[in-house]
Structure formats: structure tokens, C-alpha cells
Amino acid sequence: MTTNASAGKATPEALGRVTFLDGQGELPMLEISTAWSTAEIYLHGAHLTQFKKQHEPPLLFMSQCSRFTEGQPIRGGIPVIFPWFGAREGLAQHGFARVKAWELKEFAPAPDGSVSVRLRLPDYPEAAAYAAFTADYIVTVNQSLTLQLVITNQSPDAEFIFENCLHTYFDVGDVTAISIRGLKGVSYLDKVAGFVEKTETSDALRIASEVDRIYQNTTGTVEILDPRLGRKILVEKQGSASTVVWNPWIAKARQMPDFGDEEYERMICVESGNVASNSISLPPGGTSTLTVKLSSETLK
Ligand code: TA6
């Protein structure tokens with residue numbers, strides 16, 4: 001089914017379009033197209049699997065070995081990590097939001113040609129361990145991709161403590177040729193070295209081995225410079241104090257059943273959220289909004 005809401009201003013072809021399809025694994029998917037770009041989002045995990053501007057390669061990396069199965073995470077794109085990040089005793093890694101079906105609550109092509117969709121995480125038994133909350137995810141597609149994860153503590157009296165992260169996999173030409181700017185002087189937990197705390201010393205981070213770092217107390221924009229694809233990716237954010245940088249490199253890539261052995265060469269995760277010491281403590285009735293804007297431009 002295709003829908004373009006006419007607001008009487010923009011010409012129909014300039015208006016965005018939302019199409020409901022059966023995606024891989026027959027999981028329900030929305031295909032969004034605007035005059036500048038296309039995007040795909042699965043209700044499973046509210047998972048964006050593609051954002052592509054005209055005349056540019058896709059912005060998001062997707063593994064050719066990803067599963068598209070209920071109860072399993074999708075490998076690539078933008079997993080929504082909530083209400084915990086990382087390992088938890090006796091629980092699945094990275095929370096339950098990414099393996100659950102979300103509900104489409106709203107979709108709105110706007111007169112300026114952009115398209116927004118709002119998804120909500122239904123009430124699942126796994127949430128019983130937490131204060132009552134709502135989790136909404138608003139995705140806006142135009143020349144860039146803007147994501148908002150809005151968490152509201154619905155409890156009249158209990159604090160809601162949680163972590164969140166938009167675990168974005170970027171498509172790059174050659175991971176050994178990229179540089180990542182914007183983290184100099186920021187302290188990080190180095191997971192590869194057993195979570196030892198260190199400080200970033202380089203202006204431009206280069207990838208030449210497994211990297212798995214949680215940068216803390218950082219609200220700044222991160223840039224990924226990709227000489228092979230001739231583009232600069234900007235990761236701008238609000239409501240986020242943590243940035244995670246990850247590449248599994250050779251050995252970890254081989255250990256992951258849903259990831260190709262050589263795929264580490266073509267991706268980098270630069271993730272925006274609130275994890276570890278930056279976890280959020282939301283008072284009763286409080287709302288927290290994590291906003292991430294992903295855009296790209298030609299590398300000068
Ligand atoms: O965000 C980085 C990280 O926490 C890494 O430690 C690595 O485990 C990665 O996430 C992927 O996790 P996943 O559960 O999707 O295999």
C-alpha cells in the first residue's frame with residue numbers, strides 16, 4: 001500500500017512516500033522515499049536497515065549474513081539499544097528493544113517533502129523489571145536522517161534507570177583508510193583492554209585492529225572522513241553523553257555467525273547514546289530524548 005498525503009502545496013512527486021512491504025524473513029517493513037533519499041525500517045526492533053541519498057552509496061552498512069528472524073537482532077543498519085547496553089547476567093546482550101516488534105503509530109509526509117514515522121515499543125513482559133515507561137522512536141527522512149528516541153517514565157513514584165544507544169553501522173570504502181574526528185581528549189573505557197579507562201590522544205582516530213571503546217561525557221559531533229568513497233559523514237547528537245566506536249576486526253568477525261569474515265573492512269560503528277557512567281536516571285513523569293542526525297557531504 002502506498003500513501004502520499006497532499007497538503008495542497010508541494011507537487012505530488014516532491015512529497016514523500018511510505019510503502020508497507022514484507023521485507024526479508026517476511027518481517028513487516030516500511031519503505032520511505034523522498035525527493036532526495038530512500039530509507040527502510042523494519043518494525044522488528046524499529047530497525048533502520050537502509051538510508052541512501054541519490055547519487056551516493058548507502059550510508060548504512062548491512063551484513064550479507066544478517067538474520068531476519070523474530071527474537072534475533074538484525075546485523076547492520078541501526079539497532080536500537082534499550083533499556084541496557086552490553087552484557088547483563090542471564091539476559092540478552094544490548095537489551096530487548098532490538099529483538100521485539102514495534103508498532104507504527106504515525107507516518108506523516110510533510111509539505112517540505114520530508115517524511116516522519118513514529119513507532120512505539122509495546123508493553124512486553126521483559127519491561128516488568130522496570131518502572132512503567134513509554135518508548136517512542138521518531139524517524140525523519142529527507143536530505144539527512146534524524147532519529148529521536150523518546151523515553152517517558154510513566155510511574156507515579158519510581159525512578160527509571162536505563163541505558164540507550166543508537167548503534168549505527170556506517171558503510172565505508174576501506175576501514176583502514178578512514179579517520180574519525182571529534183573525540184580528542186575524551187576519556188573512554190577500552191573494552192579490548194578489559195574496560196581500562198584511557199584518554200583519546202589523536203585528532204583523527206584510525207582503525208588498524210579491533211576497536212571497542214565507550215567514550216564518556218562527550219556531547220560533540222563526530223566526523224567520519226572516508227577518502228575511498230569521497231565523503232564525510234557527520235554524526236550530530238543531543239541528549240547523548242556517550243559515543244561508542246566499534247570495529248570487530250579479523251578474529252571477532254570470524255566468531256560472529258551473522259557477519260561475513262571480510263565485512264569488517266567495509267564498516268565502522270559510531271554509536272550515540274547514554275551508557276555506563278552516563279546511564280540515565282529519569283524521575284517519575286520525566287522524559288528523556290536522544291536525538292541523532294546523520295548527514296553526509298562530499299569530501300573536499
Ligand atoms: O557497541 C559495541 C559492542 O558493544 C561490542 O562490544 C560488540 O559486542 C558489538 O556491540 C555488537 O554486539 P552484538 O550483541 O550485536 O553482537
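When a ligand or atom number is given, it counts from 1 through the structure's own listing order. Model, not experiment: these values are computed from the prediction.
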Inset, instruction - Sort and list the pairs that fulfil ring pair (Phe, Tyr, Trp, His ring centres under 6.0 Å) and have at least one residue in residues 265-300, not counting sequence neighbours. - result: none

Legend entry - Flag for K237-T243: side-chain donor and acceptor within less than 3.5 Å: yes

Legend entry - Heavy-atom check, side chain of L183 versus side chain of V222, under 4.5 Å: yes

Inset, instruction - Indicate yes or no: at least one non-hydrogen side-chain atom of V139 is less than 4.5 angstrom from one of L145. - result: yes

Legend entry - Minimum-distance pair of heavy atoms, taken over all atoms of P257 and C65: O-CB, 4.3 Å

Please tabulate protein-ligand N/O pairs under 3.5 Å for ligand 1, atom names and distances to 0.1 Å.
residue, atom, partner, partner atom, Å
ligand 1, 1 (O), H167, NE2, 2.9
ligand 1, 1 (O), E271, OE1, 2.9
ligand 1, 1 (O), E271, OE2, 2.9
ligand 1, 4 (O), H94, NE2, 3.2
ligand 1, 6 (O), K191, NZ, 2.7
ligand 1, 6 (O), D212, OD2, 2.5
ligand 1, 8 (O), Q93, NE2, 3.0
ligand 1, 10 (O), H94, NE2, 3.0
ligand 1, 10 (O), H167, NE2, 3.1
ligand 1, 12 (O), Q93, NE2, 3.1
ligand 1, 14 (O), Q93, NE2, 3.0
ligand 1, 14 (O), R98, NH2, 2.9
ligand 1, 15 (O), R75, NH1, 3.0
ligand 1, 15 (O), R98, NH1, 2.9
ligand 1, 16 (O), R75, NH1, 3.3
ligand 1, 16 (O), R75, NH2, 2.9

Legend entry - Distance flag, aromatic centroids of F162 and Y130, threshold under 6.0 Å: no

